[in-house]
Amino acid sequence: MTVAFISGRTRRAGLALAAASAGLLVLSACDKPTPLATVTVGTNSVNTEASCRGEDGKPLAEAKLTSCLSGVKDAKSIDYAPGATLRLGVDPKVVENGSKWIALLDGSPITEASSQTYRSFPGADVFSTGGQGAAPKEKKISIVQVNKDSKPESVWSFTLKRTNS
């Protein structure tokens, strides 16, 4: 009868190799984090990953974009007092390869497409109604990444909550 002996050292090396291989397999299954967008009011900031992204580098379909802009229920929120300075920022990866971004307030554009990573709106009164009734308690601000053909690629959504201070 022949018995194969494997030394403890060889066994440990094999187990270490198997553990390293399993670790790499687990890491390769993880999604890469998406770039962040940030909204700042005064000294308070909130940031989030994109709520919607095109798949496999393709732009968002029209129906998907509409759903992304209207259907986000769990958008991060930040308090906003009328007249405060509103600051919007995007991760530099958002404007790579000719992409730009546009800010929307309740679905209407408030900026032109920009390749800068930061925009500031001093003294903005985003809750102004122009004398048409009471100001709403919340407004939704969205940042839309567009490719060089102006097709939407990603959407980040936030909620501005009106305060009286």
Side-chain angles (χ1 to χ4, degrees), residues 26-165:
V26 168
L27 286 176
S28 68
C30 295
D31 290 332
K32 289 187 344 186
T34 63
L36 298 176
T38 304
V39 173
T40 303
V41 177
T43 58
N44 298 322
S45 292
V46 292
N47 60 44
T48 191
E49 290 186 1
S51 54
C52 295
R53 289 182 64 82
E55 298 197 19
D56 299 323
K58 294 180 183 173
L60 289 169
E62 182 82 25
K64 179 75 171 172
L65 177 63
T66 302
S67 170
C68 290
L69 292 173
S70 63
V72 176
K73 307 259 187 280
D74 58 349
K76 291 196 176 178
S77 65
I78 188 166
D79 290 339
Y80 182 85
T85 297
L86 175 66
R87 295 175 184 88
L88 306 176
V90 296
D91 190 303
K93 292 177 186 172
V94 172
V95 293
E96 286 180 346
N97 304 321
S99 292
K100 296 182 178 186
W101 62 278
I102 300 168
L104 306 175
L105 186 64
D106 283 346
S108 298
I110 58 172
T111 66
E112 297 288 324
S114 175
S115 59
Q116 299 174 346
T117 58
Y118 174 82
R119 296 287 305 263
S120 180
F121 304 91
D125 189 1
V126 299
F127 289 99
S128 175
T129 62
Q132 303 295 319
K137 294 185 185 324
E138 296 182 349
K139 288 265 187 164
K140 183 173 174 185
I141 192 153
S142 300
I143 294 174
V144 179
Q145 177 186 24
V146 294
N147 64 19
K148 51 187 156 196
D149 297 325
S150 298
K151 303 283 186 198
E153 296 181 313
S154 302
V155 177
W156 294 262
S157 296
F158 300 90
T159 301
L160 298 176
K161 292 189 174 190
R162 182 172 52 98
T163 63
N164 295 325
S165 47

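Predicted model only: the values in this text are computed from it and were never measured. Residue numbers start at 1 and run along the sequence shown.
Separation of atoms CD (Glu153) and NZ (Lys100) is listed at 13.0 Å; rounding is to 0.5 Å. One finds the CG atom of Leu60 at 6.5 Å from the OG atom of Ser154 (value rounded to the nearest 0.5 Å). Separation of atoms OG (Ser51) and CH2 (Trp156) is listed at 9.0 Å; rounding is to 0.5 Å. To the nearest 0.5 Å, atoms CZ (Arg119) and CG (Leu86) are separated by 10.5 Å. One finds the CD1 atom of Ile143 at 7.5 Å from the OG1 atom of Thr38 (value rounded to the nearest 0.5 Å). Note that CZ of Phe127 is 10.5 Å distant from NZ of Lys161, once rounded to the nearest 0.5 Å.
Side-chain N/O atoms of Ser77 and Thr159 include no donor and acceptor closer than 3.5 Å.
In this structure, the side chain of Asp56 does not engage the main chain of Lys58 through any donor-acceptor pair within 3.5 Å. Arg87 places no side-chain N or O within 3.5 Å of a backbone atom of Tyr118 that could act as its donor or acceptor partner. At least one donor-acceptor pair under 3.5 Å links the side chain of Asp91 to the backbone N or O of Lys93. Put simply, the side chain of Ser115 never gets that close to the backbone of Val95: no donor and acceptor are under 3.5 Å apart. Between the side chain of Lys140 and the main chain of Leu69, a donor-acceptor pair closer than 3.5 Å is present. Using modelled atom types, no side-chain atom of Ser67 and backbone atom of Ala63 make a donor-acceptor pair closer than 3.5 Å. Listed for the Trp101 side chain is a donor-acceptor partner under 3.5 Å among the backbone atoms of Gln116.
Looking at Leu36 and Glu49, their side chains come closer than 4.5 Å, going by heavy atoms from C-beta outward. No side-chain heavy atom of Asn44 sits less than 4.5 Å from a side-chain heavy atom of Asp79. With contacts defined as side-chain heavy-atom distances shorter than 4.5 Å, the pair Val90/Pro35 does not qualify.
Annotation: Lys139, atom NZ; neighbour count of heavy atoms from other residues, nucleotides and ligands within 6.0 Å is above 12. Heavy-atom contacts from other residues, nucleotides or ligands closer than 6.0 Å to CD of Glu55 number 12 or fewer.
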Exercise for review: Take Ile78 and Phe158 through the test side chain to side chain contact (heavy atoms under 4.5 Å, CB included) and record every step on the way to the result.
Suggested key: CA-CA 8 Å; Ile78 188 166; Phe158 300 90; 5.8 Å; no
Practice item. Under the side chain to side chain contact (heavy atoms under 4.5 Å, CB included) rule, what do Thr85 and Ser120 come out as? Steps first, then yes or no, please. Key: CA-CA 7 Å; Thr85 297; Ser120 180; 3.5 Å; yes
Check your understanding: side chain to side chain contact (heavy atoms under 4.5 Å, CB included) between Leu65 and Val155: does it pass, once the steps are laid out?
Key -> CA-CA 8 Å; Leu65 177 63; Val155 177; 3.7 Å; yes
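Residue Phe121 comes nearest to Ile110 through the heavy atom pair CE2-O, 4.4 Å, listed as atom of the first residue, atom of the second, then distance. Residues Gln145 and Val94 approach most closely at NE2-O, 2.8 Å, considering heavy atoms. Summarising the geometry of Leu88 relative to Ala103, their closest heavy-atom pair is CD1-CB, 3.6 Å, with the distance given to 0.1 Å. Closest heavy-atom contact between Pro59 and Asn147: CG-ND2, 3.8 Å.
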